Amino acid sequence: MSSKEQSAMASAGSSSSSTEISDSMLRRMAGQSVNKAGLKKDQSEINKIIAEASKGSKFYENEREKDEKLGIQIMKLLDKRDRLLKEGVDLRRLERECDTFIQRIESQRDLSQTIVHVDMDAFYANVELLADPTLEGIAFGVGTGVLTTASYEARAYGVRSGMPVFVAKKLCPHLRMVPATFNSYGEYSGKVMEVFRRFDPNMAKVGMDEAFLNLTTYIQEEREKDGTGQESENAMHKRRERIVRTIRETCKKVTGLTVSAGIAPNKMLAKICSDINKPNNQYILPFTRQAVLDFTRTLPIRKIPGIGRVSERCLEALGVITCGDIITKRAELHLLNYGVIELLKAGLGATSNVVEAGRREDRKSVGCERTFREKSKREELIAIVEDVAEELTETLQKLEYTGKTLSLKYKTHDFKLHTKSHTLQHGEYKTRDSIQTWALKALEESLPLKLRLLGLRVNQLRDLRKKGGLEQYFTNPSHSRKLHEDDEEAEGADFNNAIILDSDEDLEDSEAAETEQVERAINGSPFNDAITNAASSTAVPFASKQETETTHHPMISCPICSRTFPSSTTNQDLNAHIDVCLSKDTIQQLSSRRSSPILGSSESVSSTGEKSVGSKSANKRSRRDIPTNKEDEEDYDFLRPPTSRNHSTTSSSASVSPTVTSSGGSSNKKSKNVLMGTKEAPRNPFAFMKR
DNA sequence: ATACATACC
DNA sequence: TACTGGTATGTAT
């Protein structure tokens, strides 16, 4: 048994002598933003204080249980791996399969787009600072009960967003707390987003305080104005840096708030880079394949968006700590069915560079929930559900959606989450009554209960602003429409009327469902072909998409070493070359000699983190403060995880490189991404844990 | 279709 | 004493 397994056993088993807190628990209690943050104090000391402070609480007990379960899952995972290996699975074959994935990913690596991630520094805290200058230089937090943000002075003590106030006070006894004022954040957010839009009208907002920009078009236009022709890579580098500095200075001038930024050829890298020189600074990654690979090789996997605490632990158990390890351990990851392709893309730093504004049609659900002090009286719980239902109804009406399925969520006193949902066959949730009726029924059949949270959410939405019927397919093909254009008077509408008029009816026209089928029909899945080909040991087509689709080169070139071959070269020969090339070049470069464990703490990559959390304050919240300003209308402008989209292809403003379209023509019902991507294998750690 | 888990801001 | 709220997406059944 390896030492890895032993340590997995140790953390899974009963590591609870009454004084000892297991390593994983220490990390778990440290909270989600810990890895992103730079720390002045010794982190392990801080972690101990945090865990010690909440030990014995129901919250802690629940976390400990989850931690234990995870440990067991991880053991099963390792068992499964060992069993498969003992059964003589052909690791070499899996490795070769992965190598064709790598080759494919490399062939589509796109360095032509200038992607920027802009991220406001300690957003809520700095807005509060503007309103109250006495907070200057002071360790303070924003929020009540739980911190949504901590000032940089507070962070020096290990105080983090998402941390309960009482724990934060243990770390920093003189911590001052100020309540959150969400309306003002919305106003400032609107102002900075406006600034960002000047540089990329198609900017993708990510929550209140960050955004992705594609500066490619802006840069090109600026160069045309200058009369600058072709530029050296060095000149481009300087130009990118200068423009981003201008963006940040403009934000500061307009709002008084500081911004940090990351500049890179795709979203994942840009996002990671925006953290490096935080606060109030920027970081640019050179736009070369080599620089990207050097950067990712030692990058801790936890930095990859979508890899959270749980995935981190699973991967760690497999010996995958850095992105470089993903390449080294690719065969094992593939063996365990752990979304290798997505991991490889991240590991190679070749992820999506598509920046587009969120569209209204993208919204999938609308919900509302609240936390309160433990309650178990039937009448009290009913009153809360009624209240939540009322608020949800108003939100739905304001946003102009109805939905087919409704779910009730509740958290018991011991922090266990439960959901119940119901979908209407012939009608839609639309009125307060229709929502309340089912919600109350669902609650009552679960009673008696001791609860601390109740929430309702509507799924399977129908957009009331979108025309139903067939004409939608002929008129405005969804993409070109932007948000602002059609929501002028959204806030002026009178919904009380609607409530009365619709009273209790569920029956609504439900014809708008065909859309998905249309979308499915045009989805191709090039990667499926790759998988199929690899599995049947057929050679992978060698040329990149550009080559196959936009031109007809008589020669085929290796995307790794750029060597060219006559088109008559057989697939077998080509594959042989790939093997050699990959093992020589990419793989050696990527596999860290020995993934140095020092990286985790010596922080070559991160420095400070932040992240505002939450939006509405808990408990008491009048229905009147439903957002009403224009930026709030944009709340559906959320982020798709950068790694879940595929790169290259049209980024709306990409005029620099030729547009590339999907090549694989195969059909795959699961794929959602028209651009090129399939979802690929899932990244969920439990996918490969079953049985 | 439903329930639950993970992740992000 | 004390641990948010809103959204997405994936898996299991």
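Since the model is a prediction, treat every value here as computed from it, not as a measurement.
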is_close_aromatic(H174(A), F140(A)), centroid dist under 6.0 Å: no

d(CZ, R160(A); C1', dC3(C)) in whole Å: 17 Å

Minimal non-hydrogen separation, S407(A) against S421(A), with atom names: CB-CB, 3.3 Å

Within 6.0 angstrom of K416(A) NZ, more than 12 heavy atoms from elsewhere: yes

Below 4.0 Å: OP1/OP2 of dA3(B) and any side-chain N or O of S421(A): yes

Short side-chain N/O contact from Q73(A) to OP1 or OP2 of dA5(B), under 4.0 Å: no

Straight-line distance of K430(A) NZ to T393(A) OG1, nearest 0.5 Å: 12.0 Å

Euclidean distance, atom CZ of residue R457(A) to atom P of dT2(B) [Å, nearest integer]: 16 Å

Nucleotide nearest M29(A) when distance is taken to its side chain, options dC3(C), dG5(C), dA1(B): dC3(C)

R359(A) with E361(A): basic N within carboxylate O range, under 4.0 Å: yes

Under-4.0 Å side-chain N/O to phosphate OP1/OP2 contact, K303(A) with dC8(B): no

Pairing of R313(A) and E316(A) as salt bridge, 4.0 angstrom limit: no

5′-ward residue of the pair S365(A)/L453(A) relative to DNA chain C: L453(A)

Separation of the P atoms in dC3(C) and dC8(B), to the nearest angstrom: 23 Å

Among dA8(C), dG5(C), dC3(C), the one nearest K364(A) by side-chain distance: dA8(C)

N/O (side chain, T423(A)) to phosphate O (OP1/OP2, dA1(B)) under 4.0 Å: yes

Separation of dA2(C) C1' from I49(A) CD1 (nearest whole Å): 18 Å

Under 4.0 angstrom between R309(A) side-chain N/O and dT6(B) OP1 or OP2: no

Nucleotide nearest R363(A) when distance is taken to its side chain, options dC9(B), dT7(C), dC4(B): dT7(C)

Sugar-phosphate, base or nothing in reach of V165(A), heavy atoms under 4.0 Å: nothing

Spacing between N459(A) atom CG and dC4(B) atom P, to the nearest angstrom: 15 Å

Sugar-phosphate only, base, or nothing, as touched by K58(A) at under 4.0 Å among non-hydrogen atoms: nothing

Distance in angstrom units between L454(A) CG and dG6(C) C1', rounded: 16 Å

Under 4.0 angstrom between T419(A) side-chain N/O and dC4(B) OP1 or OP2: yes

Rounded interatomic separation in angstrom, taking CD from E374(A) and C1' from dA2(C): 12 Å

Under-4.0 Å side-chain N/O to phosphate OP1/OP2 contact, T144(A) with dT4(C): no

Euclidean distance, atom CZ of residue R302(A) to atom C1' of dT6(B) [Å, nearest integer]: 11 Å

Given dA7(B), dC3(C), dC9(B), the nucleotide with the shortest approach to the side chain of V310(A): dA7(B)

dT4(C) OP1/OP2 closer than 4.0 Å to side-chain N/O of R452(A): yes

Spacing between L406(A) atom CG and dA1(B) atom C1', to the nearest angstrom: 14 Å

